[in-house]
Amino acid sequence: MKLLVTGGAGYIGSVVAHQLVAAGHEVEILDDLSTGFATNLPAAAVFHHTSIHRVAEILTPDADFDGVLHFAAKVEVAESVRDPEKYWHHNIEGSLALLRAIRTARTPRLIFSSTGSMYSGDGRTAFDEAAEIRPANPYAATKATVDMMIAGECGTGTLGAASLRYFNAAGAVRTAETFLGERHEPETHLIPILLQAAGGQRDSFTLFGTDHPTTDGTCVRDYVHVSDLAAAHLLALEALSPGRYEVFNLGNGDGYSNRQVLDTVRDVTGRDFPVYDADRRPGDPAVCIANSDKAAVELGWKPQRPNLSDIVADAWEFHRTVHGVAG
């Protein structure tokens, strides 16, 4: 297929783009490089350095794209709380521009990078696709809004689409061309923050919340290797049909507590660092893990690298490479 990958220079988007190229697809990438990296791009892909708001200049009726994989978005929760308008503009208005272009070009397939963070529950039960949607921040609200927009567009009968709701992508992937891993500025995700502490880029680590109703009192989260996450996109792409909209949760289905992740980072890196306990952060659920049975049954998807130590080891290798940290 001829495919457009928006946000294809970012963390997950670049891993998917490389997998698409390896599978023999013709790939074009749109990215403004505001948070992505040109070094992430596959050499075989055509690159368009532009904003998602200008996607109609690329996704034209004459371009004959067979599908779009949409990753272009702002993704930092705390920033979305401080500056929600930025998230309305990039995530909602940008996606609306994409949907207009898709309709004009009559592009038949769309895969959307969504999030499991929009769900709300009892803090103990794994989330399936029927779980209550109650976004707790503007970032999650934008993803839920775009999901509804895509569902409406599929109702016209011509577009087939799937929203893939992620649960904590982690790890790194080495390709023949480059090394793809997680790097944000500022960093807000648990595993890379811990690796910064292990690598000396941070003086210490703060553990928020030690009195949750979990085995060790810390939050429990679901981590899925980014290579497994990417593989689900290729499977979903093959499963789409006109007029059909589907949602798939993607996670390991097993939770790890923050303290377990901390201990795993210490074991994998062989390094210790100061850790300070602090009060819970408002709105943090005790448990947030995915029920991915639907993806297993309908897509044949199953994580191939579910072990937390493997995920952390790959992320640590990437971190050492990027920051020049000795082994």
Side-chain angles (χ1 to χ4, degrees), residues 11-13 15-16 69-71 73 75 77 111-137 139-144 146-148 150-151 161-171 182 188-192 212-215 218-237 239 245-258 260-261 264 283-312 314-315:
Y11 175 41
I12 301 170
V15 177
V16 172
L69 296 98
H70 181 34
F71 300 90
V75 300
V77 170
I111 302 292
F112 177 53
S113 169
S114 192
T115 178
S117 66
M118 68 178 67
Y119 291 127
S120 176
D122 59 14
R124 297 183 300 274
T125 307
F127 294 114
D128 63 15
E129 291 79 3
E132 179 185 8
I133 294 174
R134 195 196 308 164
N137 54 72
Y139 160 70
T142 64
K143 292 293 188 176
V146 175
D147 279 353
M148 289 189 290
I150 295 171
S163 290
L164 307 185
R165 293 179 180 161
Y166 310 157
F167 286 70
N168 297 306
E182 192 170 9
T188 61
H189 296 163
L190 179 61
I191 290 176
H212 289 278
T214 60
T215 302
T218 65
C219 294
V220 173
R221 298 291 183 265
D222 188 329
Y223 297 90
V224 58
H225 199 290
V226 66
S227 62
D228 287 329
L229 203 61
H233 293 71
L234 276 68
L235 293 170
L237 196 62
Y245 172 69
E246 295 290 348
V247 173
F248 295 99
N249 288 348
L250 299 177
N252 278 327
D254 292 320
Y256 295 96
S257 75
N258 287 352
Q260 285 177 303
V261 178
T264 301
D284 265 353
V287 177
C288 185
I289 59 175
N291 179 330
S292 300
D293 290 350
K294 181 179 177 182
V297 171
E298 298 190 18
L299 302 180
W301 180 77
K302 181 180 179 181
Q304 300 302 302
R305 303 206 69 195
N307 185 274
L308 182 62
S309 293
D310 290 340
I311 293 171
V312 170
D314 288 347

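Atom-to-atom distance recorded for Ile150:CD1 and Phe112:CZ is 5.0 Å, nearest 0.5 angstrom. How far CG of Leu250 is from CG of Leu235: 10.0 Å, rounded to the nearest 0.5 Å. Atom CG of residue Asn168 and atom CD1 of residue Ile289 lie 11.5 Å apart, to the nearest 0.5 angstrom. Atoms CG and CH2, from Leu229 and Trp301 in turn, are 6.5 Å apart once rounded to the nearest 0.5 Å.
With sequence neighbours left out, Ala239 forms a side-chain contact (heavy atoms from CB on, under 4.5 Å) with Leu299. Remark: Asp147 engages Arg165 in a salt bridge (charged side-chain N to carboxylate O under 4.0 Å, His left out) (not counting sequence neighbours). The salt bridge (charged side-chain N to carboxylate O under 4.0 Å, His left out) test applied to Glu246 returns Arg244, Lys294, not counting sequence neighbours. Remark: Thr125 engages Asp122 in a side-chain hydrogen bond (donor to acceptor under 3.5 Å, both in side chains) (not counting sequence neighbours). Every residue two or more places apart in sequence or in another chain that forms a side-chain hydrogen bond (donor to acceptor under 3.5 Å, both in side chains) with Tyr166 is listed here: Ser113, His233. By the ring-ring contact (aromatic ring centres under 6.0 Å, His included) test, Tyr119 is found to be paired with Phe127, residues two or more places apart in sequence or in another chain being considered. Residues meeting the side-chain contact (heavy atoms from CB on, under 4.5 Å) test with Ala286, sequence neighbours left out: His212, Pro213, Thr214. Residues passing the side-chain contact (heavy atoms from CB on, under 4.5 Å) test with Ser117, sequence neighbours excluded: Thr115, Tyr139, Ala140. For Glu132, the side-chain hydrogen bond (donor to acceptor under 3.5 Å, both in side chains) test picks out Arg134, with sequence neighbours left out. Asn307 meets the side-chain contact (heavy atoms from CB on, under 4.5 Å) test with Ser309, Asp310; sequence neighbours excluded. In this structure, Phe167 has no ring-ring contact (aromatic ring centres under 6.0 Å, His included) partners at least two apart in sequence or on a different chain. Not counting sequence neighbours, the partners of Asp314 by the side-chain hydrogen bond (donor to acceptor under 3.5 Å, both in side chains) test are His225, Arg305.
Inter-residue side-chain proximity for Arg221 and Pro285 is flagged as met; some heavy-atom pair is nearer than 4.5 Å.
A donor-acceptor pair under 3.5 Å links the side-chain atoms of Asp128 to the main chain of Ala131, judged by distance alone. Without hydrogens or angle criteria, Glu298 side chain to Ala296 main chain gives no donor-acceptor distance under 3.5 Å.
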